[in-house]
Each structure stands twice: as C-alpha cells, then as structure tokens.
Amino acid sequence: MLELNYIRENTAEVAERLAIKNIDASGILQQIKEIDIRRREAQKDLDDNLAEANAIARQVGELFKTGKASEANALKVRNAELKIQAKELQDNFDKLFLEQNNLLVQLPNVPHFSVPRGKTPEDNEIVHSEGTMPQLYEGAVPHWDLASKYDIIDFELGNKVTGAGFPFYKGQGARLQRALIGFFLDNAVEAGYLEIQPPLVVNEASGYGTGQLPDKDGQMYYCEVDKLYLIPTAEVPITNIYRDVIVKPDNLPIKNVAYSNCFRREAGSYGKDVRGLNRLHQFDKVEIVQIQHPDKSYETLEEMRNYVAGLLRKLELPFRILKLCGGDMSFTSSLTYDFEVYSAAQQRWLEVSSVSNFESFQANRMKLRFKDQNGKTRLCHTLNGSALALPRIVASLLENNQTSEGIKIPAALAKYTGFDMIR
RNA sequence: GGAGAGAUGGCCGAGUGGUCGAAGGCGCACGCCUGGAAAGUGUGUAUACGCCAAAAGCGUAUCAUGGGUUCGAAUCCCAUUCUCUCCGCCA
C-alpha cells in the first residue's frame, strides 16, 4: 500500500509514476485527497466530542468525591447527549476511513522512473544476456521425455497419488533436487544471508502482510478447518517475521535466505506452459529476502541481481536478464528484474527468478519500520528474489546438457550430486 | 481430544472502576563519575492519527480482538482468537 503522506504531498509524481504502469490514477488520487480532507474533519469533530466527554467524566468523579451528587448528575445529562453524537461521529469517521483505505489498497506500487514503458512481455527490456547457446545432438528431446528415459521424474505417479502438477523425483532426479537446494543455500550463506527454515503454512494476517490477500487468495491452497494457507513462496513467512516490527537501523540490511516447498493452485493455466516442469502446483525454491534502508534499496537490488546472475553462471546456463516494463510488473513491485534461462530442446526462455524492490509498499502494509537518525519512525524498504526456483533450472539443465551418453552435470553442482552424469 | 490457567510497554512484572499510557525492575540512549572500564549515579525511553506554517505543545485512540455495562473500564459482563499447564494420543 502506498503511503498516504506521499500521495498527499507528491500527487503529481505518484500519478506520473503510475502512468508507467499504464494506469491513469489522477481521478482516484484526487478522490483520495478529497476524502482525506473530510476524514480529518471527521476525526477532529470526533476527538473534540470525546475530549469534552472525558473532561466531564473527570469532573463528575471529582464532584462525587466531594459529595456534590446533584451537580454531578446534572453533568451526566450532557454526557448522555455527547455519547449519542459520538456514535454518529464515529460512524462517519469509520466510513470515511474505510472508503479512503479501499481506494488506497486499489493502487499498485509506483514504478521506479527507470522502468520501461510498455504493456506486454514483448516490451520488457533485455538488459543483459550471457552464456553460449547449446548445440544439441540429433536425438535431443524435451525434459519430460528425458525424465522418463532416465526414470528420474515421474509425472504419471504424481497424477495417480495426488494430481497433475505434483511429480515424484526419483533416484538421480531426487538427488539432483537435494543437490540444487544445498548449492543454493550454501551460496547464499556464503554471501551473508541468514539461513532460515520457515513454516510452510501461514495465517491470514501473514497472507495480507505480503499482499497475497485479499485479492489473490484463489492462488493459494487453504486449510479450511484451521484457517491456514499453504505458502506460495518463502517470501511470505520470511517477510512476515518483521510484521509490526521496528528494527534497529544498525541491523540493516537484514539478509535472510530460506528454502521451502511452494504451493500454487495456478488456476487458469493451461497448454504448453504447464507441460513437464514448466509449471507445477508444488515446487522447491530458495528465496532471498532483504530489508534495507530506503536510501540504499536500489544498490541492494543491483547486488541481488548480481548474486543471482552468479548462480546461473556457476550452473553454466545461458541466461538473460529482463527489466520488466510497467505493464508486465507485479502489483507490488517498483522495479523487477526477471531472469530467464534458455531451455534448448523446448527452444524457449524460462523464467527462473524474479528480483524485485518493493520500496515501502509491503513495509507499509506490514508496519515494518526503523528509527532514523532524528529518531523519526520511517518505513523500511523490502526486496526479494528467487535464488533460485528449481523446476525450470532442472528443465534447462536436463535439456541443455543431454548427450548420447547421458546428461552432464555442471562441475559446480557435481560436488553436491556426487555424480557428473545422469545415465 | 478432555480439564484448568492466562493474554498489560523491547522484555519481566504490578495494577479489580476515576488522578493509569500505565508502578517497579531489566534492557536501551545520553550525561556525570573514572586515567580507561566496571560499579555507582542522574535524565530520558510506545505507536498511530489529528490540531498547529513548524518546533514546542495539545487532543484522540490503543493494556490480545470485537461488542456491552458505566458519567468514567487495563480493571466488570459477553463473544472470539491465541498461549501455557495437566491428562490422553503421537513423530
């Protein structure tokens, strides 16, 4: 949620930034400001009423103590009137406050000024690409065929036991998963992140804190009886650690990394996008999260971008980095880099990571703050990124490294798998 | 799952109708003391919103959450949520 003060004091800038997301917010911004004026008036009226009532209550107490019961009783009459008024004033204030809030939560985060304009993924800006495109041998096939050829991932078994999108990993496939998780976590710890194992289910307040609720609840699995949500990403529990927290500025940046299973209902997905490992209902991901001082969050974003690039380099995968255009960015992000690896047999680029700066958008919702040098309480900036999501990494590793003898494992990873070839 | 107890500030903990945003302690910050430190000592130390050009100051709300009783609620009543203890079950 955008900060009200920012909207109030920099209305034009907010509108300008939202325009990058192709949103004409001038109307809604104006509405927010108008309601704001009325809301403040309403609060003033209510506060005055309550102040008078409080004063009378004090007097009444005083009068009773000194035995002036009749005077006290006279004052009670006035308070009875005030109380009736207060109810109306409170209702009026609540109504305006809610109305304003409803408008505020509709507004997406404001993009950074460097975000390219555009509407569709075609308008994303390729800011970097590296690695060599693999030359596949003649018998090369997509990863879903490799999965059954080497008996390392079993989609059929998943269908039987659970349903589509819940594969079994077996033998060298299972080992490869474990190796990747270890590899990603070790790298992150090496880079100064604190390793955390979070709960895989969260309560409603946490879902709201990171923005999955209220609108995107259809994308999460929900345990009705316990009112708990299965996490779609470790970002949710990890960021919510800091909900309603005022951190010490000396502790910034806070760097956490977590491996978790991720659960996504992916309602409405279909076609070639969901084939094989391309889109699953349950998958593994290592997520990095940073909480940073507002002045330094963009430096941090670049640091995180370089970190993720380093991982892909070590895995010897050809990749490119996109700076998402306004139209393709998420609701909550100010600037997002997507990482895509090339999966040679499918001849497609697959998104394997998304690194974003949310500025104070999430922090405002979560009331995550710090005290600055003047002792003023301010909102932190939050950032996160996948580092990395496993399934598409596995897809491209399998496809790109297949040979007639088997599938080669990159050297950096072979230390973790214990083998350098899937046969 | 059964029975009981509880939820107060960063933490511990007092507070059973008014003067309580809340004693006391710990922690933290700053100062004094010291050659330096420890000890000691003094002061300060919640958040949000509003009023004000702004600082100072003032007002309002917040003692798990929501409602109620009352002139007045941390304190009384009701509901909800959560936590703890014991028993049962169990990795």
Side-chain angles (χ1 to χ4, degrees), chain A residues 1-9 32-105 197 199-209 213-214 222-229 237 240-252 254 291 360 363-380:
Chain A
M1 185 160 71
L2 291 175
E3 292 176 67
L4 183 56
N5 274 340
Y6 181 50
I7 291 176
R8 207 145 60 184
E9 287 157 26
I32 288 170
K33 285 177 78 172
E34 277 162 22
I35 291 172
D36 192 49
I37 292 166
R38 289 198 283 142
R39 192 208 93 225
R40 283 146 76 186
E41 279 170 6
Q43 181 170 347
K44 182 88 176 69
D45 293 344
L46 175 63
D47 284 357
D48 288 348
N49 172 297
L50 293 174
E52 188 182 344
N54 285 341
I56 289 174
R58 272 192 295 269
Q59 284 176 46
V60 169
E62 218 32 63
L63 289 169
F64 271 125
K65 237 183 239 172
T66 50
K68 297 173 183 163
S70 60
E71 285 180 47
N73 285 325
L75 282 174
K76 282 189 191 178
V77 177
R78 173 61 181 153
N79 243 18
E81 284 172 30
L82 285 172
K83 201 167 184 181
I84 294 164
Q85 275 180 29
K87 173 111 184 67
E88 274 174 49
L89 294 170
Q90 182 77 56
D91 286 350
N92 185 239
F93 172 78
D94 288 347
K95 203 186 99 218
L96 290 166
F97 182 84
L98 255 171
E99 210 176 314
Q100 183 173 37
N101 216 52
N102 286 342
L103 291 171
L104 276 171
V105 296
Q197 262 200 38
L200 302 182
V201 291
V202 294
N203 59 28
E204 202 174 324
S206 297
Y208 182 80
L213 298 175
Y222 181 52
C223 307
E224 182 83 43
V225 281
D226 296 302
K227 297 195 165 71
L228 294 172
Y229 294 85
N240 271 286
I241 293 171
Y242 305 95
R243 172 152 50 83
D244 291 318
V245 168
I246 299 179
V247 298
K248 292 210 169 90
D250 298 351
N251 294 345
L252 298 175
I254 292 167
I291 294 163
S360 63
N364 189 30
R365 220 171 230 243
M366 280 199 295
K367 305 278 170 277
L368 162 53
R369 294 156 293 174
F370 72 100
K371 282 211 194 297
D372 71 10
Q373 287 164 325
N374 306 320
K376 257 193 92 129
T377 310
R378 295 172 59 190
L379 293 168
C380 298

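Each chain gets a letter, A, B and so on, in the order its sequence line appears, and its residues count up from 1.
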**Q** Which one is paired to B/U19, where only Watson-Crick or G-U wobble pairs with both distances under 3.5 angstrom count?
**A**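 No nucleotide pairs with B/U19.
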**Q** Would you mind checking if A/Arg40 and A/Asp36 are paired as a salt bridge, meaning a charged N to carboxylate O distance below 4.0 Å?
**A**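 Counted as a salt bridge, because a side-chain N and a carboxylate O are separated by less than 4.0 Å.
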**Q** Is there a Watson-Crick or G-U wobble partner for B/C52 with both distances under 3.5 Å, and which nucleotide is it?
**A**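 WC or wobble partner does not exist here.
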**Q** Quick check on B/G72: is either OP1 or OP2 less than 4.0 Å from any side-chain nitrogen or oxygen of A/Lys76?
**A**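 Answer is no, no contact under 4.0 Å.
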**Q** Round to the nearest Å and state the distance from A/Lys65 atom NZ to B/G72 atom P.
**A**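 Going from NZ in A/Lys65 over to P in B/G72 covers 17 Å.
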**Q** Which heavy atom of A/Leu82 sits nearest a heavy atom of A/Ile56, and at what distance?
**A**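 Minimum heavy-atom separation between A/Leu82 and A/Ile56: CD1-CD1, 3.8 Å.
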**Q** Report the distance from atom CG of A/Leu82 to atom P of B/U70, rounded to the nearest whole Å.
**A**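 In whole Å, B/U70 P and A/Leu82 CG are 16 Å from each other.
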**Q** In whole Å, measure the gap between the P atoms of B/G24 and B/U41 for me.
**A**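 My reading of the P atoms in B/G24 and B/U41 gives 15 Å.
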**Q** Please measure how far the C1' atom in B/A64 lies from the corresponding atom in B/G6, and state the result in whole Å.
**A**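 B/A64 and B/G6 have their C1' atoms separated by 11 Å.
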**Q** Under a 4.0 Å threshold between the charged nitrogen and the carboxylate oxygen, would A/Glu99 count as salt-bridged to A/Arg39?
**A**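 Looking at A/Glu99 together with A/Arg39, the answer is no, because their closest N to O distance does not fall below 4.0 Å.
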**Q** Taking all heavy atoms of A/Asn251 and all of A/Ile254, pick out the closest pair and write down the distance.
**A**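 Heavy atoms only, the tightest pair is O-CG1, 3.5 Å.
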**Q** Work out how far the C1' atom of B/G10 is from that of B/A3, and round it to whole angstrom.
**A**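 Their C1' atoms lie roughly 35 Å apart.
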**Q** Select one nucleotide: of B/C71, B/U60, B/U70, the one nearest the side-chain heavy atoms of A/Lys83.
**A**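 Nearest listed nucleotide: B/U70.
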**Q** Between A/Asn240 (side chain) and A/Ser206 (backbone), is there a donor-acceptor pair under 3.5 Å?
**A**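 Indeed, once roles are kept as given, a pair shorter than 3.5 Å links the two residues.
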**Q** Please determine if a side-chain N or O atom of A/Asn54 lies less than 4.0 Å away from the OP1 or OP2 oxygen of B/U60.
**A**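 Result: yes.
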**Q** Collect all protein-nucleotide pairs involving nucleotides 50-54 of chain B in which both atoms are nitrogen or oxygen and the distance is under 3.5 Å.
**A**
residue	atom	partner	partner atom	Å
B/G50	OP1	A/Arg8	NH1	3.3
B/G50	OP1	A/Arg8	NH2	3.4
B/G50	OP1	A/Arg39	NH2	3.1
B/G50	O4'	A/Gln43	NE2	3.2

**Q** With nearest nucleotides of RNA chain B determined for A/Lys367 and A/Asp226 from heavy-atom distances, which residue corresponds to the more 5′ nucleotide?
**A**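 Here A/Lys367 is the residue nearer the 5' end.
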**Q** Take atom CG of A/Asn73 and atom C1' of B/G72, then tell me their distance rounded to the nearest Å.
**A**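 In whole Å, B/G72 C1' and A/Asn73 CG are 14 Å from each other.
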**Q** Between the side chains of A/Glu81 and A/Arg78, is the shortest nitrogen-to-carboxylate-oxygen separation below 4.0 Å, so that they form an ion pair?
**A**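 A salt bridge is present here (some side-chain N lies under 4.0 Å from a carboxylate O).
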**Q** Please state how far atom CD in A/Glu3 lies from atom C1' in B/C49, giving the value in whole angstrom units.
**A**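 Taking CD of A/Glu3 and C1' of B/C49, I get 15 Å after rounding.
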**Q** Going by purine N1 to pyrimidine N3 plus the second Watson-Crick contact, or the G-U wobble pair, all under 3.5 Å, which nucleotide sits opposite B/C28?
**A**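 Across all strands, the one nucleotide that pairs with B/C28 is B/G44.
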**Q** Could you give me the CA-CA distance, side-chain angles and deciding distance for A/Tyr222 and A/Leu228, then say whether side chain to side chain contact (heavy atoms under 4.5 Å, CB included) is met?
**A** CA-CA 6 Å; A/Tyr222 181 52; A/Leu228 294 172; 5.8 Å; no
**Q** What heavy-atom pair brings A/Ile246 and A/Phe370 nearest, and what distance separates the two atoms?
**A**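 Heavy atoms of A/Ile246 and A/Phe370 come nearest at CG2-CA, 4.1 Å.
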**Q** Using a 4.0 Å heavy-atom cut-off, does A/Leu50 contact any base of the nucleic acid, only the sugar-phosphate backbone, or nothing at all?
**A**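 The residue A/Leu50 makes sugar-phosphate contact but no base contact.
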**Q** For A/Asn73 and A/Ser70, which I'm curious about, is there any donor-acceptor pair between the side chains at under 3.5 Å?
**A**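 The answer is no; no qualifying pair exists.
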**Q** Given the P atoms of B/A23 and B/G18, what is the spacing between them in whole Å?
**A**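 B/A23 and B/G18 have their P atoms separated by 16 Å.
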**Q** Give a yes or no on this: more than 12 heavy atoms of other residues, nucleotides or ligands lie within 6.0 Å of atom CD of A/Gln59.
**A**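 Counting neighbours around CD of A/Gln59, more than 12 heavy atoms of other residues, nucleotides or ligands fall under 6.0 Å, so yes.
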**Q** Take atom P in B/G21 and the same atom in B/U45, then report the distance between them in whole Å.
**A**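 The same atom, P, in both gives a distance of 16 Å.
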**Q** Would you name the heavy atoms of A/Arg243 and A/Ala205 that are closest together and state the gap between them?
**A**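 Heavy-atom minimum between the residues: NH1-CB, 3.6 Å.
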**Q** Using Watson-Crick or G-U wobble geometry with both distances under 3.5 Å, which nucleotide pairs with B/A38?
**A**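 No nucleotide pairs with B/A38.
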**Q** Write down the protein N/O and nucleotide N/O pairs, taken from nucleotides 88-91 of chain B, whose separation is under 3.5 Å; answer none if there are no such pairs.
**A**
none

**Q** Can you tell me how far P of B/C71 sits from CD1 of A/Ile84, to the nearest Å?
**A**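 It is 12 Å, rounded to the nearest whole Å.
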**Q** What's the NZ-P distance between A/Lys248 and B/C28, to the nearest Å?
**A**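 After rounding, the reported distance stands at 8 Å.
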**Q** Taking only N/O atoms, report every protein-nucleotides 44-47 of chain B pair under 3.5 Å with atom names and distance.
**A**
residue	atom	partner	partner atom	Å
B/U47	OP1	A/Lys371	NZ	2.0
B/U47	O3'	A/Arg369	NH1	3.0

**Q** Can you tell me the base-pairing partner of B/A74? Count Watson-Crick or G-U wobble geometry only, both distances below 3.5 Å, and say none if there is no partner.
**A**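 For B/A74, the partner nucleotide comes out as none, under the 3.5 Å rule.
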**Q** Check the distance between B/G18's C1' and A/Leu75's CG and give it to me in whole angstrom.
**A**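 It works out to 15 Å between those atoms.
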**Q** Can you tell me the distance, in whole Å, between the CD atom of A/Gln90 and the C1' atom of B/A61?
**A**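 Interatomic distance, CD of A/Gln90 to C1' of B/A61: 9 Å.
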**Q** Which pair of non-hydrogen atoms, one from A/Cys380 and one from A/Ala363, has the smallest distance, and what is that distance?
**A**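 Looking at all heavy atoms of both residues, the closest pair is O-CB, 3.1 Å.
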**Q** Taking the same atom, C1', in B/G15 and in B/A74, what whole-Å distance lies between them?
**A**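 B/G15 and B/A74 have their C1' atoms separated by 8 Å.
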**Q** Scan every strand shown for a Watson-Crick or G-U wobble partner of B/A91, both distances under 3.5 Å, and answer none if you come up empty.
**A**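 Paired with no nucleotide.
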**Q** Measuring only the C1' atom in each nucleotide, how far is B/U75 from B/A14? A whole number of Å is fine.
**A**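 Those two atoms are separated by 13 Å.
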**Q** Please answer whether the main-chain N or O of A/Leu2 pairs with a side-chain N or O of A/Asn364 as donor and acceptor at a distance below 3.5 Å.
**A**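 Looks like yes, one N/O pair under 3.5 Å.
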**Q** Give none if B/C33 has no partner; otherwise give the nucleotide forming a Watson-Crick or G-U wobble pair with it, both distances under 3.5 Å.
**A**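 Check on B/C33: unpaired, no WC or wobble geometry under 3.5 Å.
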**Q** What distance, rounded to whole Å, do you find between the two P atoms, one in B/G68 and one in B/A91?
**A**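 Result for the P pair: 49 Å, nearest Å.
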**Q** Could you tell me the Watson-Crick or G-U partner of B/A5, where both distances fall under 3.5 Å? Say none if there is no partner.
**A**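 With both distances under 3.5 Å, B/A5 matches B/U83.
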**Q** Is there a side-chain hydrogen bond (donor to acceptor under 3.5 Å, both in side chains) between A/Asp94 and A/Gln90? Walk through the geometry before answering.
**A** CA-CA 6 Å; A/Asp94 288 347; A/Gln90 182 77 56; 3.1 Å; yes
